[in-house]
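Numbers here simply count residues along the sequence, with the first being 1. Worth saying up front: this structure is predicted, and the values here are computed from it rather than measured.
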Amino acid sequence: MTVLVNLIVTLGMLYVVPAGLRLIDPAGLRTAARLWPVPAALGALCLWLPRGIPATALAALYAAAALALATRAPARLLEARRRSRAGGSAGGAPPRTTVSGPAEVAVCTALVSPSIAAASLVAERAGYRLFGFDLDILALTVPHFHFAGFTAALVAGLVCRAGATAPATAPGSAPGSATLSRWAAYSVPGGTLLVLLGYFVDDWAELAGAVVLTTGMWAVALLTWRDIRPGVRDRITGALLGTSAAVLVATMLLALWWAAGEATGITHPTLTWMAATHGLGNALGFALCSVLAWRRLTVD
């Protein structure tokens with residue numbers, strides 16, 4: 001399981017995060033996206049070293065970069081609130097990459113998530129049971145907050161942005177799409193936070209978080225499949241969007257099954273099996289396909 005988890009985390013660190021930063025704000029986060037591969041390479045390297053001082057030092061450097069990224073979130077939220085109160089920028093429309101409301105909540109969650117993953121990484125590489133958690137749980141928290149945290153919140157925010165800027169009469173737009181996109185943008189960060197709190201409370205709280213997160217991710221999948229994909233002319237981009245939406249149905253069912261099993265004691269997959277199915281599916285089928293698709297959409 002360790003090799004598979006390390007490969008998934010490496011993908012998140014080296015490609016998904018910097019590519020996602022360019023999707024959040026190509027201008028404001030351009031420098032961060034350009035420099036990110038440097039600390040990401042150090043973070044990825046520490047995964048393959050034995051636990052100890054060298055691995056912990058490299059993880060700490062990655063954590064410093066992740067913490068610096070997280071500090072961008074409060075300023076973005078304050079700016080979004082200011083623009084909302086002012087009724088938008090000059091001309092009446094806010095800039096494309098500074099969308100107030102639920103979309104901004106989602107993308108700010110994405111900015112904060114790598115710091116949570118990095119804190120777990122530092123503790124795990126040091127062999128320290130942070131908050132009493134087993135090292136295996138800390139190791140799995142790293143990919144969880146790179147993908148369920150960063151990528152899921154990012155895509156929920158992008159879907160909400162698309163819904164906010166598309167006319168109600170646009171082709172493929174269905175009744176209730178705007179409401180559903182706002183729900184996705186709020187519930188994905190909310191579900192992620194509830195899952196995190198569930199670590200400290202009990203398995204039932206974690207199950208509640210899994211339910212909220214799953215409904216949010218299924219809303220993202222539905223909006224992607226029904227509203228966004230039909231308007232894409234490029235077949236490759238459409239296929240990537242379709243794959244990301246379809247994969248979410250299966251991977252989030254697995255997440256619900258595992259959380260329900262932990263809470264109720266029913267038979268459920270092991271962590272190793274979850275890493276090979278839920279984890280790999282989310283990393284490649286959802287996260288990678290989504291980021292590639294949205295990158296192509298922004299180029300178009």
request  = To the nearest 0.5 angstrom, please state how far the CG atom of L154 sits from the OG1 atom of T109.
outcome  = 11.0 Å
query = Would a 4.5 Å heavy-atom cut-off, applied to side chains only, mark F147 and L288 as touching?
reply = no
request  = Look at atom CZ of R51 and say whether more than 12 heavy atoms of other residues, nucleotides or ligands are closer to it than 6.0 Å.
outcome  = yes
ask   = L284 and V155: same hydrophobic cluster, using ILVMFWY side-chain contacts below 4.5 Å?
value = yes
remark   = Note: M217 and A152 closest approach over all heavy atoms is SD-CB, 3.6 Å
CG-SG distance between N6 and C46, expressed to the nearest 0.5 angstrom = 8.5 Å
message = Quick one, T224 and S244 - any side-chain contact, counting heavy atoms below 4.5 Å?
response = yes
ask   = Got a donor-acceptor contact below 3.5 angstrom from the R161 side chain to the I24 backbone?
value = yes
query = Can you tell me how far the CG atom of L213 sits from the CG atom of L194, to the nearest 0.5 Å?
reply = 9.5 Å
request  = Kindly give the heavy-atom pair with the smallest separation between A219 and A184, and that separation in Å.
outcome  = CB-CB, 3.9 Å
message = Is the shortest side-chain heavy-atom distance between T151 and V17 below 4.5 Å?
response = no
ask   = Do L135 and R129 come within less than 4.5 Å of each other through their side chains, counting heavy atoms only?
value = yes
inquiry  = I'd like to know if the side chain of T214 and the backbone of V211 have a donor-acceptor N/O pair within less than 3.5 Å.
reply    = no
message = Could you check whether W36 and Y62 have their ring centres less than 6.0 Å apart?
response = yes
ask   = Where do A148 and T192 come nearest, in terms of heavy atoms and distance?
value = O-OG1, 3.4 Å
query = Are V201 and L196 joined in one hydrophobic group, where the rule is that I, L, V, M, F, W and Y side chains link up if heavy atoms are under 4.5 Å apart?
reply = no
request  = Any chance you could measure W273, atom CH2, to W258, atom CH2, to the nearest 0.5 Å?
outcome  = 14.0 Å
Heavy-atom check, side chain of L241 versus side chain of L297, under 4.5 Å = yes
request  = For the pair R125 (side chain) and L49 (backbone), establish whether a donor and an acceptor sit closer than 3.5 Å, ignoring hydrogens and angles.
outcome  = yes
task = Show your reasoning for whether side-chain contact (heavy atoms from CB on, under 4.5 Å) applies to L7 and L47.
result = CA-CA 9 Å; L7 289 172; L47 296 169; over 6 Å; no
message = If you apply the rule side-chain contact (heavy atoms from CB on, under 4.5 Å), what do you find for V159 with W294, and how did you get there?
response = CA-CA 10 Å; V159 168; W294 282 96; 4.0 Å; yes
task = I would like to know whether R76 and D25 meet side-chain contact (heavy atoms from CB on, under 4.5 Å); could you show each step before the answer?
result = CA-CA 11 Å; R76 288 185 65 91; D25 191 344; 3.1 Å; yes
task = Using a 4.5 Å cut-off on heavy atoms from C-beta on, say whether the side chain of R226 contacts that of L180.
result = yes
ask   = Should L222 and L240 be counted in the same cluster of Ile, Leu, Val, Met, Phe, Trp and Tyr side chains packed under 4.5 Å apart?
value = yes
message = To check you understand the geometry: which heavy-atom pair defines the closest contact between A162 and I228, and what is its length?
response = CB-CD1, 4.4 Å
query = Looking at CZ of R30 and CG of L21, how far apart are the two atoms once the value is rounded to the nearest 0.5 Å?
reply = 13.5 Å
message = Are L14 and W48 linked, directly or through intermediate hydrophobic residues, by side-chain heavy-atom contacts shorter than 4.5 Å (ILVMFWY only)?
response = no
inquiry  = For P114 versus L69, what's the shortest heavy-atom pair and its separation?
reply    = CG-CD2, 4.3 Å
message = Any side-chain to backbone donor/acceptor pair from R72 onto L111? Under 3.5 Å, distance only.
response = no
task = Step through the shown structure and confirm whether more than 12 heavy atoms of other residues, nucleotides or ligands are within 6.0 Å of CZ on F200.
result = yes
Mind listing the side-chain donor-acceptor pairs of residues 259-267 below 3.5 Å, one per line with the distance, residues two or more places apart or on another chain?
{"unit_1": "E262", "atom_1": "OE2", "unit_2": "H268", "atom_2": "NE2", "d": "2.7"}
{"unit_1": "T264", "atom_1": "OG1", "unit_2": "A260", "atom_2": "O", "d": "2.7"}
{"unit_1": "T264", "atom_1": "OG1", "unit_2": "I266", "atom_2": "N", "d": "3.4"}

query = Are E124 and V142 close enough that some pair of their side-chain heavy atoms sits under 4.5 Å apart?
reply = no
query = Less than 4.5 Å apart, any side-chain heavy atom of F131 and any of L138?
reply = no
message = Using 0.5 Å steps for rounding, measure from the OG1 atom of T141 to the NE2 atom of H144.
response = 7.5 Å
remark   = Between H146 and M13, the two heavy atoms sitting closest are NE2-CG, 3.8 Å
inquiry  = Hydrophobic clustering (ILVMFWY, side-chain heavy atoms < 4.5 Å, transitive) - are Y15 and L23 grouped together?
reply    = yes
message = Would C108 and V105 count as a side-chain contact (heavy atoms from CB on, under 4.5 Å) here? Give the steps.
response = CA-CA 5 Å; C108 285; V105 170; over 6 Å; no
ask   = So, the side chain of D134 versus the backbone of D136: is there a donor-acceptor pair under 3.5 Å, distance only?
value = no
